Amino acid sequence: MRTMKEIKSWSKSLLVALGIVMILRTFLFDPYIVEGSSMEPTLHNQERIFVEKFHLKDSFKRGEIVVIKGTNEDKNYVKRIIGSPW
């Protein structure tokens, strides 16, 4: 009897935690894998990073790391901003 209550309690906690993770993953963050050595020594080949989805376009600063979508939708590039027009 007590074991069932404990299992239900743990199940509820795990479902809530999973729900929070899914919401954060869907709306706030995206995981990416760095491919290549062009970002070394900051980021290394096959390193995993999380990138925030919402960023104001006018607030990018020199030195920030961004993810750029490639010409075909299945390719993304992780790069650093080195200059700006203003």
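What you see is a predicted model; the values in this text were computed from it and never measured.
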Original post:
Can you list every pair that meets salt bridge (charged side-chain N to carboxylate O under 4.0 Å, His left out) and has a residue in residues 3-12, with sequence neighbours left out?
Top reply: none

Original post:
Which other residues end up in the same hydrophobic cluster as Ile49, if Ile, Leu, Val, Met, Phe, Trp and Tyr are linked when side-chain heavy atoms come under 4.5 Å apart?
Top reply: Tyr32, Val34, Met39, Leu43, Val51, Ile65, Val67, Val78

Subject >> Donor-acceptor under 3.5 Å (Asn45 side chain, Gly36 main chain) >> reply: yes

Subject >> Under 3.5 Å: donor-acceptor pair, side chain of Arg80, backbone of Glu64 >> reply: no

Subject >> Test item: Ser38 and Lys79 side chains (from C-beta on) under 4.5 Å apart, heavy atoms >> reply: yes

Subject >> Atom of Pro31, atom of Phe50 and distance for their closest heavy-atom approach >> reply: CB-CE2, 3.9 Å

Original post:
Near Ile68 CD1, under 6.0 Å, is it more than 12 heavy atoms from other residues, nucleotides or ligands?
Top reply: yes

Atom pairs and distances, donor-acceptor, side-chain atoms in residues 16-24, under 3.5 Å, two or more places apart:
none

**OP:** Mind jotting down which residue pairs meet the salt bridge (charged side-chain N to carboxylate O under 4.0 Å, His left out) criterion with at least one end in residues 13-31? Sequence neighbours excluded, please.
**Re:** Arg25-Asp30, Asp30-Lys53

Subject >> Pairs satisfying salt bridge (charged side-chain N to carboxylate O under 4.0 Å, His left out), at least one member in residues 33-50, at least two apart >> reply: Glu35-Lys75

Subject >> Set of side-chain hydrogen bond (donor to acceptor under 3.5 Å, both in side chains) partners for Lys61, sequence neighbours left out >> reply: none

